[in-house]
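Read through the structure below, which is laid out as structure tokens, and then see the notes.
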Amino acid sequence: MIATYSKLPGTSDSIFTVMSQLATEHQAINLSQGFPDYECDPKLINFVAQAMQNGHNQYAPMTGAPALREWVAEKVNTLYGSDYHADKEVTITAGGTEAIFSTLSACINAGDEVIIFEPAYDSYAPTVRMLGGLVKSYEMAPPEYDIDWEMVKKLFTASTKMIILNSPHNPTGKILTETDIQALIKLTKNTDVLILSDEVYEHLIYDGEQHRSLAIYPELRERAFIIASFGKLLHATGWKTGYCLAPEYLMKEFRKVHQFNVFSVNTPMQIGIANYLKNPETYLNLSSFFQQKRDLFRSLLAETKFKLLPCKGSYFQCVSYEHFSEEDDTVMAKRLITDFGVASIPVSAFYTRNTDHRVLRFCFAKKQDTLEKSVERLMKL
């Protein structure tokens, strides 16, 4: 056997893969992985098909199709009062995760420290470590998952290179408040610290709350990579299409990595999406669409033994069971699949130290019938 060196020793299949495979084996309803079980708009598919028929089947520009970049810049600048330049400061990516990977690869060197807020999307920490960086975790706790910024300040050292934020937050559904934003501005003022702002759920925000994109704040915009996802926007996660925004001096570095990572993103999807999104209602109505699902799911879950945690954004609902069981959350999640036929994600998987608050995450981006059947099974617990 040839000797090899693993850049990610101890890393195995993600919890999403494990739970989805287990759900398939037991024919369980899959509320674990974050994808819809309903189709995207047929009009969108027609736009993509038309793009193929019109010959848009070769490489797109490395930075992305001009029409789509122009739409991104116009949309973001209109919503958030920013001034992103479509040619110099917008890049179309192969989904949000590629944008995250390319951002970190462009910025993080051996010994650089990156602050992340856990529970956190599972690609952040491994990517930082693979690049030789050091993860500094701030652990948030249920039920509110609030951030004590004075404690965050204590994580800062001379080696702090970046902060990774995610709002609306996966898995907790938390959103950044104005107080959070002002604390972040104060914390990063007069520093060279960069920010990766994962905003893939920007249009999934509820109860009249505002999405506080870092694009709104000049003090943060000048140091931020902002990442978004068309998969979340269009109910088409399998298309793996997203984008990154950054000031020109940062985008130049991002593109150096992006061009050698995927180079460019599938052309007909870009053209189809650009034509489909000419109608602003396709994204402005998304919050009300998902709030109906959230409200339905919460009302159904209220009849179970679980305790509902707040959900102000994203399409994930977290629940606590510590009041009726001392089982580890991974054990509980597997038992829900094998004994009750419903798949969830144990939230300890989103902590570097596997911190277990006995909380599970369910995805409610599902048909009403799917949600109703799931809760019928969970009521037997």
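In this chain, residues are counted from 1 in sequence order. Computed over heavy atoms, backbone and side chain alike; hydrogens, waters and symmetry mates excluded.
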- [ ] Would you check if there is a donor-acceptor pair between the side chains of Gln50 and Asn275 at a distance under 3.5 Å?
- [x] no
Open item on the list: Per the salt bridge (Lys or Arg N to Asp or Glu O under 4.0 Å) rule, what does the pair list look like for residues 84-99, sequence neighbours excluded?
Closed with: Arg69-Asp87
Open item on the list: To the nearest 0.5 Å, what is the distance between SG on Cys363 and CZ on Phe35?
Closed with: 8.0 Å
Open item on the list: For Phe156 together with Trp149, are the ring centres under 6.0 Å from each other?
Closed with: no
Open item on the list: For the aromatic rings, using the six-membered ring if either is Trp, is the centroid distance between Tyr315 and Phe364 under 6.0 Å?
Closed with: no
Task: Test ring pair (Phe, Tyr, Trp, His ring centres under 6.0 Å) applied to Trp71 and Tyr283, step by step - done: CA-CA 12 Å; Trp71 176 87; Tyr283 54 92; 5.6 Å; yes
Open item on the list: Quick one: does any side-chain atom of Tyr206 pair with a main-chain N or O of Ser314 as donor and acceptor, under 3.5 Å?
Closed with: yes
Task: Hydrophobic cluster membership, Phe101 vs Val90, 4.5 Å side-chain cutoff - done: no
TODO: Would you tell me whether Asp328 and Thr330 have side-chain atoms, one donor and one acceptor, within less than 3.5 Å of each other?
DONE: no
Open item on the list: I'd like to know if the side chain of Thr241 pairs up with that of Gln270 as donor and acceptor (distance under 3.5 Å, no hydrogens or angles considered).
Closed with: no
- [ ] Hydrophobic side-chain clustering at under 4.5 Å (ILVMFWY, transitive links): who's grouped with Phe263? Put none if nobody.
- [x] Met62
Task: Exam field: side chain Asp207 to backbone Glu209, donor-acceptor pair closer than 3.5 Å - done: no
- [ ] Check which hydrophobic residues are tied to Tyr59 through side-chain heavy-atom contacts below 4.5 Å, counting indirect links as well, and list them.
- [x] none
- [ ] Scan side-chain atoms only and decide if Arg294 and Gln317 contain a donor-acceptor pair under the 3.5 Å cut-off.
- [x] no
Open item on the list: Consider salt bridge (Lys or Arg N to Asp or Glu O under 4.0 Å). Of Lys334, Arg335, Arg358, which one does Glu327 pass it with?
Closed with: Arg335
- [ ] Would you kindly say whether His211 and Glu199 are connected by a side-chain donor-acceptor distance under 3.5 Å?
- [x] yes
Task: Value rounded to 0.5 Å, distance of OG in Ser102 from CD in Gln259 - done: 10.5 Å
Task: ring-ring contact (aromatic ring centres under 6.0 Å, His included) partner of Phe117, the single match among Tyr138, Tyr124, Tyr351 - done: Tyr138
Open item on the list: Could you check whether Asn30 and Ser20, counting side-chain N and O atoms only, form a donor-acceptor pair closer than 3.5 Å?
Closed with: yes
- [ ] Kindly indicate whether the side chain of Tyr276, heavy atoms from C-beta on, has any atom under 4.5 Å from the side chain of Val48.
- [x] no
Open item on the list: For the backbone of Ala73 and the side chain of Asn77, can you confirm whether one donor and one acceptor N or O come within less than 3.5 Å of each other?
Closed with: yes
- [ ] Hydrophobic side-chain clustering at under 4.5 Å (ILVMFWY, transitive links): who's grouped with Phe260? Put none if nobody.
- [x] none
Open item on the list: Are there over 12 heavy-atom neighbours, none belonging to Lys153, within less than 6.0 Å of that residue's NZ?
Closed with: no
TODO: Give a yes-or-no answer on whether the side chains of Thr352 and Glu118 include a donor-acceptor pair shorter than 3.5 Å.
DONE: yes
Open item on the list: For Tyr201 and Phe316, take the angle between the two ring planes, folded into 0 to 90°, and tell me which bin it lands in: parallel under 30, tilted 30 to 60, perpendicular over 60.
Closed with: perpendicular
TODO: Tell me yes or no: between the side chains of Tyr249 and Glu222, is some donor less than 3.5 Å from an acceptor?
DONE: no
Task: Interatomic distance, Thr282 atom OG1 to Leu44 atom CG [nearest 0.5 angstrom] - done: 9.0 Å
Tabulate below the donor-acceptor pairs under 3.5 Å that side-chain atoms of residues 226-235 make, not counting sequence neighbours, or state none.
| from | atom 1 | to | atom 2 | distance (Å) |
| --- | --- | --- | --- | --- |
| Ser229 | OG | Gly231 | N | 3.1 |
| Ser229 | OG | Lys232 | N | 3.2 |

Open item on the list: Check the orientation of Phe254 and Phe225. Use parallel for under 30°, tilted for 30 to 60°, and perpendicular for over 60°.
Closed with: tilted
Open item on the list: Can you tell me how far apart CG (Leu79) and CG (Leu284) are? Round to the nearest 0.5 Å.
Closed with: 6.5 Å
Open item on the list: So if I apply the side chain to side chain donor-acceptor pair (under 3.5 Å) rule between Ser348 and each of Asn354, Asp329, Asp356, which one comes out positive?
Closed with: Asp329
Open item on the list: Taking side-chain hydrogen bond (donor to acceptor under 3.5 Å, both in side chains) as the cut-off, I'd like each qualifying pair that reaches into residues 165-178, sequence neighbours left out, listed once.
Closed with: His169-Thr172, Asn170-Arg361, Thr177-Asp180, Glu178-Gln182, Glu178-Arg212, Glu178-Tyr217
Task: Interatomic distance, Asn46 atom CG to Gln53 atom CD [nearest 0.5 angstrom] - done: 9.0 Å
TODO: Supply the atom-to-atom distance Cys244 SG to Leu196 CG, rounded to the nearest 0.5 angstrom.
DONE: 7.5 Å
